[in-house]
Protein chains: 2
Amino acid sequence: MKKLTNDHRTRVTKMLIRKAFTRLLGQKPIQSISIKELCEQAGINRGTFYRHYTDLFDLLHSIEADMLADFERAIAPLIAAPDSNVNLVKLTAGVFQCLKDNSDLCTVTLGDWGDKSFALKLINIGREKCIECYSGYFKNASPQQIEYYYAFVSSGCIGLLEKWLEEGMVTPVEEIARMAEGLMLTGVGFLQKE
Amino acid sequence: MKKLTNDHRTRVTKMLIRKAFTRLLGQKPIQSISIKELCEQAGINRGTFYRHYTDLFDLLHSIEADMLADFERAIAPLIAAPDSNVNLVKLTAGVFQCLKDNSDLCTVTLGDWGDKSFALKLINIGREKCIECYSGYFKNASPQQIEYYYAFVSSGCIGLLEKWLEEGMVTPVEEIARMAEGLMLTGVGFLQKE
DNA sequence: TTCTATATTGAACACACTGTTGATTTTCTT
DNA sequence: AAGAAAATCAACAGTGTGTTCAATATAGAA
């Protein structure tokens, strides 16, 4: 684990590792994947793995961190929009679109053997922004209530997302976003529309 | 893994194993717990572990199955209530009360290193019942919409539950149940009350 | 192109955990 | 008290781990 360069070699190695890893994660939970097995799949030497990562979880977190960065970069412009007209539908749609773009990784992290806690991290990026926004709206709601509200809707969105994935993401992004917003804003009232 | 009786010995052994297991799960994720370590903590022989369980996940699922049974037994009377006046608040409160009663296990399964997917299983017990109930209410909502609704609110409830646990379950059960219901029924409208 | 730094390889190593076995001891049931 | 069943203990081969070293191969700069 010395300092390592951005060599072409290291980039290829890391890519091979990641590909094999996501492939394996599509087949079985992380706890039944061995480093030896991963390296055989990736076609790299076991020692090379240890040069880059300490263990499989280090690798997982590294992948997640990269995805997180992608995600933040993608929704930054949406969040940076003027405060007055924060278009929630657009923001939500942007988020879901970004997730769809990374659907291979999503399937892994949100799938049967995925790292559920990571999904929360993803959603929580918008947390402070949301809370701040809502606390402006609802003067008579306590901060604690808003916290609970966010806990509820963020987890709710993950559930929505999982269902979406489960169905192969056939429903258009905009419709999912509309659903998400409807559910967040009016709860069961969402079912009464039309 | 032969047939095993309900001996006093086996009950004690299993109890020791479970206690040690939940204690360890409070300290680290399951993937970094070894069977050897668990047996040392439990003060039992390693071979004895293998007589009852094949591996740590078998043990985990066994514990979860027991908790699930407890859970079902606890909310059965609430669900069996006459269909006409299904009191959602009471049902929800009952559910959360039951979870509070098993808070030690909840902390483990919902905590940092818990098995998030299990929480979903817990919540999904009420799934069919709920869907059936709602589909009666909202004639013009498609089954798919109802599915998405349930996906959203069930995950939302888990998020609420996690936050509740995080705060040490100091908020009264009834208040959490009211929150859950409010969020499920009116979404953000919940913040506008009072 | 050649040179140098560095990444990867392959082999070997001690170590730890696994899952199983058989003989022995303890404990429960009747 | 006697037989049945469970827990213990020690030992076993098998496998993955994490590290090391010398060797080989490759990238990037002069």
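As the structure is a computational prediction, the values presented were derived from the model and not from experiment.
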Do A:Arg51 side-chain and C:dT8 base share a donor-acceptor contact under 3.5 Å?
no

Measure distances between side-chain N and O atoms of A:Arg9 and base N and O atoms of C:dT8, and say whether any donor-acceptor pair falls under 3.5 Å.
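Donor-acceptor pair under 3.5 Å: no.
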
What's B:Thr48 touching, base or sugar-phosphate or nothing? Going by heavy atoms closer than 4.0 Å.
base

Would you mind classifying the nucleic acid contact of B:Asn45 as base, sugar-phosphate or nothing, using non-hydrogen atoms under 4.0 angstrom?
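B:Asn45: base contact, heavy atoms under 4.0 Å.
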
If only atom types and distance count, is the side chain of A:Tyr149 paired as donor or acceptor with the main-chain N or O of B:Leu183 below 3.5 Å?
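Such a contact is absent between A:Tyr149 side chain and B:Leu183 backbone.
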
Distance-only, no hydrogens or angles: does the B:Thr22 side chain make a donor-acceptor pair with backbone N or O of B:Arg18 under 3.5 Å?
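Indeed, once roles are kept as given, a pair shorter than 3.5 Å links the two residues.
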
So, for B:Tyr53 and B:Phe49, is the gap between ring centers shorter than 6.0 Å?
yes

Salt-bridge present (B:Arg178, B:Glu181; N to O < 4.0 Å)
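Judged by the 4.0 Å cut-off on N to carboxylate O distance, B:Arg178 and B:Glu181 do not form a salt bridge.
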
Would you kindly compare B:Ile35 and A:Arg46 by the position of their nearest DNA chain C nucleotide and give the one closer to the 5′ end?
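Looking at the nearest nucleotide for each, A:Arg46 comes out on the 5' side.
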
5'-most contact on DNA chain C (nearest-nucleotide basis), B:Asp55 vs B:Arg11, goes to B:Asp55

In whole angstrom, give the distance that lies between atom [atom1] of [X] and atom [atom2] of [N].
| X | N | atom1 | atom2 | result |
| --- | --- | --- | --- | --- |
| A:Phe49 | D:dG16 | CZ | C1' | 13 Å |
| B:Ile44 | D:dC9 | CD1 | P | 11 Å |
| B:His8 | C:dT29 | NE2 | P | 9 Å |
| A:His52 | C:dA7 | NE2 | C1' | 7 Å |
| B:Ile17 | D:dA6 | CD1 | P | 14 Å |
| A:Asp7 | C:dT8 | CG | C1' | 10 Å |
| B:Glu40 | D:dA7 | CD | P | 18 Å |
| A:Tyr53 | D:dT17 | OH | P | 16 Å |

Looking at every heavy atom in both B:Leu38 and B:Ile17, which two are closest together, and how far apart are they?
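Shortest heavy-atom contact: CD1-O, 3.8 Å.
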
N/O (side chain, A:Thr10) to phosphate O (OP1/OP2, C:dT8) under 4.0 Å
no

